[in-house]
Amino acid sequence: MCGVVGIVANSDVNQSIYDALTVLQHRGQDAAGIMTCENGRLNLRKANGLVRDVFHKRHMYRLRGKMGIGHVRYPTAGSSSSSEAQPFYVNSPYGISLAHNGNLTNTATLMHEVYQEDFRHINTDSDSEVLLNIFAHELQRVGKLKIDQDQIFEAVSAVHKRCKGAYAVVAMITDYGIVGFRDPHGIRPISLGKRETENGTEYMLASENVAIDALGFEFLRDLAPGEAAIIGLDGSLTLKQCTENTTHSPCIFEYVYFARPDSIIDGISVYKARLRMGDALAHKIIKERPDHDIDVVIPIPDTSRTSALQLANTLGVKYREGFIKNRYIGRTFIMPGQKQRKKSVRQKLNAIDLEFKDKNVLLVDDSIVRGTTSKQIIQMARESGAKNVYFASAAPPVRFPNVYGIDMPSPEELIGHDRNDKQIAEAIGADWLVYQDIEDMIEATMHKNKLGVERFDASCFNGEYVTGDIDQTYLDSIQKKRNDNAKKVQNLGDNEVMDLHNAS
């Protein structure tokens, strides 16, 4: 999962892109990058780390230009190599840079085509670099000396035909403008905003509308699946649908966990969806355990707060903050290695003993992936004096890997794989465990949807992959890249390279 932003303005965009990336920091904490264009020259800064650590004054001074794109990254294949930080760039044709959120599912095939047929070199293992080269090749194939909108839209249409999987893209064409487009299933989000200034109209693209709001832009709408937007340096905006075969199927995990609660994605409020998830979960508890003895509902910060509060209200049980979060520790789920994830939990959370002592506590989390974090938190509650510790997940059991840009591990590393609810409760140490039903999660998210969302990608819960091209061979191949042993090898390699560099 990553965050992207693109801005065309009437003055330098470096500070605006920086500010937008800080708003989108929750989407990726591994690396950050900004590329701007000034008078035909491109300025780039990207590196591993948080936005605040990657960009210093000396970098911001160099990032001049009235248009630019930015990216925050978290790795979907475990590698944290700085060589895969975005944006990526190719000089031919025209000079194109690109930032991408999502994951291509036919990367291996595309890499072969790019080398054997397009005569292009890929320098990293990143599918984003592959996507950039395909877009560049298609633009060169239809292009002329002077580029126009029709050529760009034709190139995006060709990308849709060749690339499978999930992608929300911002691409900058030197001295022309910024192009944004979304895959035909609309799996990953991208929003469009507008701002009127004394010097003219400015436009912005971002992964979530909260970044648009934070910069004082007016949120216009989300790009539709398969749609492309071209923002010219002259302040023009042109939109066009670039494929006929679309199925509006956003990733439901955006609403469960990844997106900020104040975001609205495809017309659906993330906050309201999480409220309804909490309400549905409370009704399930009432149905299955009408004589429950819950004394207090405590959320596991931060994503589960909204669901936990509504769950407590519906149950008529006290809601309390029992864990204090160290806000200088990154999001546990998106850390690249399991060892690092384990180490961070107790650094990240500290329990308030008074809220646990001699009470039957219901802990609420947005989801349970590996279960290692849940197990440690339950143990913390017991150490703080809880009589019984119950556990509720606002999402169903995660039983399958996600292939569209979320680094969920191989099935064997998922706590929900080949275990029933009772076995999972025993594995994490809960006195009892309740999961959201998948139908209730979908209903809570779909509720009165008016913008044409036809279905959700809920593949990590039900194993149904909306792109229709995922088979066991593909799942086996990503398992080799995503299991923790593979990540140890990849990250060891990165560290060895860094040691060599430091030594020299």
inquiry  = My understanding is that only residues two or more places apart in sequence, or in another chain, count here; which of them pass salt bridge (Lys or Arg N to Asp or Glu O under 4.0 Å) with E383?
reply    = R346
message = Does anything in residues 437-460 form a ring-ring contact (aromatic ring centres under 6.0 Å, His included)? List the pairs, not counting sequence neighbours.
response = Y255-F456
note = Across all chains, not counting sequence neighbours, the salt bridge (Lys or Arg N to Asp or Glu O under 4.0 Å) partners of K46 are none
key: Considering all heavy atoms, the nearest Y319-A312 contact   = CB-CB, 3.8 Å
task = Taking all heavy atoms of F356 and all of G322, pick out the closest pair and write down the distance.
result = CE1-O, 3.2 Å
query = Any luck finding a side-chain donor-acceptor pair between H160 and Y167 under 3.5 Å?
reply = yes
D279 side, atom CG; D440 side, atom CG - distance, nearest 0.5 Å = 10.0 Å
request  = Could you tell me whether the side chains of Q86 and E129 share a donor-acceptor contact shorter than 3.5 Å?
outcome  = no
key: Side-chain donor or acceptor of R27 paired with backbone N/O of V72 under 3.5 Å   = no
Value rounded to 0.5 Å, distance of CE in M35 from CG in L98 = 10.5 Å
query = Is there a side-chain contact between E464 and V466, using heavy atoms and a 4.5 Å cut-off?
reply = no
query = At their closest point, which heavy atom of I34 faces which heavy atom of N14, and how far apart are they?
reply = CD1-O, 4.3 Å
task = Using the salt bridge (Lys or Arg N to Asp or Glu O under 4.0 Å) rule, collect all pairs that involve residues 283-310, keeping only residues at least two apart or in two chains.
result = K284-D437, D302-R305, D302-K325, D302-R327, R305-E321
key: Pair T107-D127, side-chain donor/acceptor within less than 3.5 Å   = no
task = Please report the shortest heavy-atom distance between H292 and L315, naming the atom on each side.
result = NE2-CD2, 4.1 Å
message = Can a side-chain donor-acceptor contact be found between Y271 and S263 if the only test is distance below 3.5 angstrom?
response = no
inquiry  = F461 and side-chain contact (heavy atoms from CB on, under 4.5 Å): which single residue from F253, F400, Y435 fits?
reply    = F253
message = Do I187 and T467 have side chains that approach each other closer than 4.5 Å (heavy atoms only, starting at C-beta)?
response = yes
inquiry  = The criterion is ring pair (Phe, Tyr, Trp, His ring centres under 6.0 Å); which residues satisfy it with F88, sequence neighbours excluded?
reply    = none
key: Distance-only donor-acceptor check, side chains S304 and D366, under 3.5 Å   = no
task = Using a strict 4.0 Å threshold on nitrogen-to-oxygen distance, state whether K387 and D358 make a salt bridge.
result = no
key: Q436 (side chain) donor-acceptor with A394 (main chain) under 3.5 angstrom   = yes
remark   = Only one of V4, I264, N101, D266 passes side-chain contact (heavy atoms from CB on, under 4.5 Å) with P189, and that residue is N101
request  = Please identify each residue that fulfils salt bridge (Lys or Arg N to Asp or Glu O under 4.0 Å) with R260, with sequence neighbours left out.
outcome  = D262
request  = Would you mind checking if R419 and E426 are paired as a salt bridge, meaning a charged N to carboxylate O distance below 4.0 Å?
outcome  = no
inquiry  = How close do L223 and A229 get, counting heavy atoms only, and between which atoms?
reply    = CD2-CB, 4.0 Å
